[in-house]
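Pasting a structure below so you can have a look.
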Amino acid sequence: MVVKLADNIISPLGDTTAANYEAVKAGHSALRLHEGIKGIPIPFFASLIDESTLTVEGNYTKFEKMCIQSVEAALKQCDIDATSSKVIFIVSTTKANVSLLAETSAAGSRIQESLLPGIAARKIASYFSNYRTPLVVSNACISGVCAQIAAMRHLEHGLCDYAVVVGADVQTPFIVTGFQSLRAVSQEACRPFDRDRKGLNLGEAVATVIYGRTETVGDRWQMLCGAVRNDANHISGPSRTGEGSYLALQSVLHHVKPSELAFISTHGTATAYNDEMESIAIDRAGLIDTPVGSLKGHYGHTMGAAGVLETLLSMYAVEDHTVLGTRGFENLGVSRPVSVSSENRATDQQSFIKLISGFGGCNAAAAFRKGGLQ
């Protein structure tokens with residue numbers, strides 16, 4: 001069985017998972033309007049990490065510093081030897097050191113090599129004197145959940161004893177203007193599942209979860225299962241029938257009953273098509289009465305961090321017997337009557353599903369339970 005041993009989140013809302021959870025529960029948001037920064041001509045709403053708050057020393061990029069600092073904080077919570085070949089580092093990111101893109105023409109091949117996610121992952125693992133080849137998971141917005149599924153598979157098949165999963169991305173002109181060109185970015189705080197939603201916000205965060213293999217779960221968090229289902233609908237648009245998300249949900253429901261779920265942590269980007277697609281998939285899977293929520297109103301879309309960050313905050317919410325409210329939501333704006341609320345709600349269930357989707361028609365779902373079977 002695969003269990004969580006440690007975790008950390010660093011974001012503009014705090015530098016521990018607990019601090020981030022308390023900020024989210026209180027309704028706080030790191031989103032604000034940014035104008036005239038990074039050479040981006042159009043203002044944009046986002047939550048951004050101030051690099052001066054990162055204390056890692058050495059010749060590392062902001063992306064690398066974020067990952068190292070988060071992993072270091074998580075490792076302090078558990079007694080594992082990070083240098084061991086039985087430990088694998090798994091890095092979830094969509095763009096890694098894309099911030100170096102503007103420097104390639106001036107600096108040549110050295111910078112071009114540093115753009116490769118695998119090179120950044122090696123630097124991160126090497127900081128901890130771990131020289132096993134790390135794994136990079138870069139599958140659009142579902143990377144964070146895919147990385148956890150990869151960790152689970154490595155552990156279940158005895159390929160490692162421990163998996164350090166870290167997810168992160170930094171926002172750059174390449175990313176922000178790319179989303180702006182799709183007209184997917186809102187000029188105000190995003191409103192997931194709301195009828196007046198105008199698009200997504202972007203965000204920066206880093207989240208780390210350390211998993212291990214055990215015969216006894218005790219009161220720890222267990223990763224029950226995970227599924228990736230690609231419907232290959234469109235390069236940027238989700239399936240109108242929610243096909244991939246439905247199939248992913250259908251798969252994980254073989255391992256957890258709807259009656260056991262505290263909630264579904266959705267992708268909930270606040271774009272017109274994503275929220276509608278997720279509502280359809282949830283309805284098709286027979287989960288229309290299960291509480292759902294999105295955390296994008298607090299952080300924006302943190303890309304490679306999203307799947308890990310939102311999983312960890314969901315774990316803390318279940319431990320607190322809470323279904324976190326969806327910040328920005330007021331009036332239902334999707335065709336299926338999903339159970340979403342702006343207010344925190346109570347729950348006594350010990351399981352949840354993390355649902356996520358991304359460009360290219362990729363979709364993933366994973367189920368988690370606090371403790372062993374009831």
Side-chain angles (χ1 to χ4, degrees), residues 2 4 90 92 137 139-153 156 165 167 192-193 207 209 211 221-233 238-239 241-269 274-296 301 303-315 317-318 323-324 334 336 338-340 349-370:
V2 175
K4 187 193 78 167
I90 303 177
S92 161
V137 177
N139 191 4
C141 305
I142 74 171
S143 298
V145 174
C146 284
Q148 292 179 81
I149 293 171
M152 179 183 66
R153 290 172 178 171
E156 288 180 339
V165 180
F193 296 101
V209 59
Y211 287 114
W221 275 100
Q222 180 183 1
M223 186 172 184
L224 298 174
C225 61
V228 177
R229 298 291 184 268
N230 293 343
D231 54 45
N233 177 73
S239 164
T241 63
E243 190 65 22
S245 290
Y246 161 68
L247 291 173
L249 286 171
Q250 190 178 51
S251 178
V252 300
L253 286 173
H254 291 298
H255 302 267
V256 62
K257 298 176 182 178
S259 61
E260 298 173 336
L261 295 172
F263 52 80
I264 303 167
S265 172
T266 68
H267 195 34
T269 60
N274 175 87
D275 294 3
E276 172 67 7
M277 175 275 290
E278 284 195 290
S279 77
I280 292 171
I282 289 166
D283 188 19
R284 289 181 65 191
L287 297 170
I288 200 64
D289 295 324
T290 303
V292 303
S294 167
L295 295 169
K296 298 299 191 293
H301 190 348
M303 300 167 59
V308 185
L309 178 148
E310 292 166 8
T311 294
L312 292 176
L313 291 174
S314 295
M315 289 176 175
V318 169
V323 180
L324 291 168
V334 292
R336 310 301 169 92
V338 289
S339 177
V340 59
Q349 300 303 322
Q350 298 292 297
S351 304
F352 71 91
I353 289 174
K354 174 63 203 150
L355 180 65
I356 201 161
S357 60
F359 285 172
C362 58
N363 306 270
F368 303 83
R369 177 187 291 129
K370 174 69 170 174

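Since the model is a prediction, treat every value here as computed from it, not as a measurement.
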Check: For E278, which residues count as a salt bridge (Lys or Arg N to Asp or Glu O under 4.0 Å) partner, sequence neighbours excluded?
Finding: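 Partners of E278 by the salt bridge (Lys or Arg N to Asp or Glu O under 4.0 Å) criterion come out as none, since no residue qualifies.
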Checklist line | From NE2 (H267) to CG (N274), nearest 0.5 Å | finding: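 Rounded to the nearest 0.5 Å, the NE2-CG separation comes out at 5.0 Å.
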Margin query: For a side chain to side chain contact (heavy atoms under 4.5 Å, CB included) check, start with the C-alpha distance between F368 and Q222, then their side-chain angles and the critical distance, and finish with the verdict.
Written below: CA-CA 6 Å; F368 303 83; Q222 180 183 1; over 6 Å; no
Checklist line | Under the salt bridge (Lys or Arg N to Asp or Glu O under 4.0 Å) test, residues paired with E243 that sit two or more places apart | finding: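 For E243 the salt bridge (Lys or Arg N to Asp or Glu O under 4.0 Å) partners, ignoring immediate neighbours, are R284.
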Next item on the list: Evaluate the criterion side chain to side chain contact (heavy atoms under 4.5 Å, CB included) for residue pair Q349 and L261; output intermediate values, then yes/no.
Entry: CA-CA 6 Å; Q349 300 303 322; L261 295 172; 6.0 Å; no
Item checked: side-chain contact (heavy atoms from CB on, under 4.5 Å) partner of V292, chosen from T266, V323, L355, I353 ->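 Exactly one pass, corresponding to T266.
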Margin query: Can you pull out every salt bridge (Lys or Arg N to Asp or Glu O under 4.0 Å) where at least one residue sits in residues 304-313? Sequence neighbours excluded, please.
Written below: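 Listed by first then second residue: K296-E310, E310-K354.
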Next item on the list: Begin from the C-alpha positions of Q148 and T311 and carry the test side chain to side chain contact (heavy atoms under 4.5 Å, CB included) through to its verdict.
Entry: CA-CA 10 Å; Q148 292 179 81; T311 294; 3.3 Å; yes
Item checked: Sequence neighbours excluded - salt bridge (Lys or Arg N to Asp or Glu O under 4.0 Å) pairs with any residue from residues 139-152 ->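 Applying salt bridge (Lys or Arg N to Asp or Glu O under 4.0 Å) to every pair that reaches into residues 139-152, excluding sequence neighbours, yields nothing.
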Side chains of residues 251-259: which donor-acceptor partners sit under 3.5 Å, not counting sequence neighbours?
residue: S251; atom: OG; partner: R229; partner atom: NH2; Å: 3.4

Check: Do you know the tightest heavy-atom contact between L249 and A281?
Finding: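 It is CD1-O, 3.9 Å.
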Margin query: Main chain of N363, side chain of S357: is a donor-acceptor contact present, judged purely on distance under 3.5 Å?
Written below: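 Answer holds: no.
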Check: Say you draw a straight line from CZ of R369 to SG of C225; how long is it, rounded to the nearest 0.5 Å?
Finding: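 Going from CZ on R369 over to SG on C225, the span is 9.5 Å.
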Margin query: If the condition is ring-ring contact (aromatic ring centres under 6.0 Å, His included), which residues does F263 pass it with, not counting sequence neighbours?
Written below: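 Only F352 meet the ring-ring contact (aromatic ring centres under 6.0 Å, His included) criterion with F263.
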